[in-house]
Structures are given as structure tokens and as C-alpha cells.
Protein chains: 2
Amino acid sequence: MAEKAQYEELIRQFSAFGAVKREMGRLLPSDCPGGSAAVLTLLGRHGDMRISKLAELLAVDMSVTSRHVTHVAERGWIERSPDPADKRSRILRLTPRGQDRLDEIAERTTQLLAHRLSDWTDDEVGQLSRLMARLRASFDDCRSPAARPPAPTGDEQSPREPLVHPVHP
Amino acid sequence: MAEKAQYEELIRQFSAFGAVKREMGRLLPSDCPGGSAAVLTLLGRHGDMRISKLAELLAVDMSVTSRHVTHVAERGWIERSPDPADKRSRILRLTPRGQDRLDEIAERTTQLLAHRLSDWTDDEVGQLSRLMARLRASFDDCRSPAARPPAPTGDEQSPREPLVHPVHP
DNA sequence: TATTGTTATACTCTATAACTATA
DNA sequence: TATAGTTATAGAGTATAACAATA
């Protein structure tokens, strides 16, 4: 348990982080805003899924997810095929063109980070990653305490499902 | 210099951070959205200043800052007094009512963090603060390389000016 | 001419609520 | 009745550009 002044300092850092986020957003292609990029990234990382699952990973409302998905689907970056197990659902899948778009975005963003964080050590980048993952987990845990395993205790970080989506299926 | 996979992981954490930010925003009073809270916080931390300075600290365009300032001024939380040294400018100052509002917001947000991060050590909270401050600095440095001291090298964190605004002046 | 600040406009992201279709 | 998804609407944040007043 930390002191109040430390929390206030942390909150200021949260606020200032917006500037970093906006600079990252500025290098996205104009036809692929942040929401679309997030959809492509999560589909590339976790593989095919339905909208409700994507909404959970994005941590936004399903209605928001639906709009992002429509945007990327209209550009041919994903396909929505019917779910044989549930006719209400559709399964989202990255298309080859979507994978290309994702690769391009990943290339741009990692280059920006490599440039900005050129004087950071490998370990420092890892530390920031880990702490931010844990921060997200700490907030998630409090959201639905009943729907989670008893005591996570450890440092569990990012992906709950390290699935890898096959490139160009 | 870190590996590409590490940067990609960090980018995913940046994206996921939005959920934390939104949850923090949800506990703000409805008449004091995030932009207004940021104005009050920075005025409380750095003391009286003009809009252009505030825009720099917020790292947003001055037009955006102007709107936020108008919002808080309309509610009597700050005063805009003429700058004797430059008739184009006005000096922003927190009012007692603004200070009360700020205290209330700080109380709510620190309580939320204290609850969510109850199992974090003092040191871990400090680490995250430091790394996020350095992240922001790394991005700032690249924005206007000519307008900065030659080689910051160190871990310099948050406030460039640790001024403290007198409470209830 | 350059700078400070304001306003108008447009775009992105988000949540809530109402709705359809299916379970 | 409950759930998956869509759409309409509203609100917050931001950037760009045009503008006024002053330096």
C-alpha cells in the first residue's frame, strides 16, 4: 500500500500519457484510425473470434466494437462469416489484405517506439510493459471479482490466450 | 535498444491502458469532465499561468485548452485576470471554490487507486510512476530537439517547475 | 510581421438505449 | 426470458483553420 502523494503522482502520469497516445495515433493511416488498428491487432494476436469476445478484449462496449468492426469490414480487412454454432453470431477473421494492413501499422508503430525509446534498455522497456499489464489486471480484477479464478497473486501479464492466428490462412 | 517483439507488447499495453483511463474518468463529477479536472490539477500543481503555458503542460493545442478553461471559468473554479505585462494574455488562477473541487477530485481518484492497487507495494507504484514519466520525457525530447538542454541523460521525471500554489490565496 | 487567444468546424472515440434476430 | 449484435443519439476530446487584438 503506497502513500497518497504517490497515487497523486501516478494520476498525473496517467493524464500526461495522453500525449504519447496521441502521437502514436498521428502516424496511423487516415483510413485506419485507432479503433480499427486495435481490431486488426487483436485479431492478429488472438485469432478468429466473435464480436462479444473482441469487445471484452478491447474493454469497450459491444456497440463501439460493432462500429469499428464495420469500418474494417467495409475496407475488406476482415471477413464476417456465420457462426454455425450460433446463428446470432458471426466469426471475425483477418483477410490477407487485413494482415498486410496490420503488418504495415505494426512496422510504423514499432519504428516510432524504437526511435523515441532508443536510449531505453531492453529491461526498462520490459519493466514498463509488465507494470502496465499488471495495472490493467488490477483494474480488471475489481470489475467482476466473481468471474475470476480465486487468487491470481502473481505477475500475470498480457495475453490470457497466447493463440497465434495463422498468417494468410 | 529493445527487440521488436518488446515494442509490440508495449504498444498493446498502451492500447489496453484506455480501459484504466476510462474507469478513472467515470468517477469524475458530471460537471467536471477529464479536461476540466486536468486544468484544475495543473493549476493546483504549478500555480498561476497563462493559457499557452497550460496548453504546453497539457500537451494539447491551445484551442482545446481555451475550451477547457472556459468551462471551468464558467463554473467559477478559476479566474482570468488581465496580464499587466501583455494585454493579449490573461493569467489563470484557481479560486477557493476551484481548490475545493480539486480537493474533492483528488480524494476520489486517490481512493480509487488505493483500492485497485491495494496489493501493490510502495516501490512498485513508484516504479510505474517513474517509467511513465520517463516515457513522456522521451517523447517530449523528440518533439522539439532544439528547444531543450543538450543531453538530459538522467531520469528526470514529472514537474519542470515544482512550484506549489498557495492554498486559498 | 508574429504571437496570444477565441471560435467554428469536423473527426474519433465512447456509452446508453431501443431494436432485431436467435437461443 | 436472455443473449448477440446493430443502429441512433449524445457527449467528451482533439486538431485545423480563420479570426481579432496586441506585441
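All chains are named by letter (A, B, ...) in the order of the sequence lines, taking the proteins before the strands, and each is independently numbered beginning at 1. Predicted model, so just to flag it, every value in this text is computed and none were measured.
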[Y] side chain reached by [X] side chain, heavy atoms, under 4.5 Å:
X        : Y        : answer
B:Leu128 : A:Gln127 : no
B:Val64  : B:Leu58  : no
A:Arg134 : B:Asp119 : yes

Option from B:Leu10, B:Ile11, B:Leu131 for which side-chain contact (heavy atoms from CB on, under 4.5 Å) with A:Ser129 holds | B:Leu10
A:Leu28 CG to D:dA15 P, straight-line distance once rounded to whole Å = 15 Å
Between atom CZ in A:Arg90 and atom C1' in D:dT3, what is the gap in whole Å?
-> 16 Å
Do the side chains of B:Ile91 and B:Leu94 join up, straight or via other hydrophobic residues, at under 4.5 Å, putting them in one cluster?
-> no
Using the heavy-atom set of chain A and a strict 4.0 Å cut-off, write down the first and last nucleotide of DNA chain C that makes it in, 5' to 3'.
-> C:dT12 to C:dA23
Filtered N/O pairs between nucleotides 20-23 of chain D and protein, under 3.5 Å:
from: D:dA23; atom 1: OP1; to: B:Lys87; atom 2: N; distance (Å): 3.1

Can a donor-acceptor pair be found between the side chains of B:Arg50 and B:Ser89 at a distance below 3.5 Å?
-> yes
Check: A:Ile51 main-chain N/O paired with A:Arg90 side-chain donor or acceptor under 3.5 Å | no
Is any side-chain N or O of A:Arg80 closer than 4.0 Å to OP1 or OP2 of D:dT6?
-> yes
Set of residues satisfying side chain to side chain contact (heavy atoms under 4.5 Å, CB included) with respect to [X], sequence neighbours excluded:
X        : answer
A:Thr41  : A:Leu102, B:Arg12
A:Ala106 : B:Glu8
A:Ser63  : A:Asp61

Sugar-phosphate means primed atoms, P, OP1 and OP2; the rest is base. With that split, encode nucleotides 7-12 of chain D 5' to 3' as B, S or - using protein heavy atoms under 4.0 Å.
-> B----S
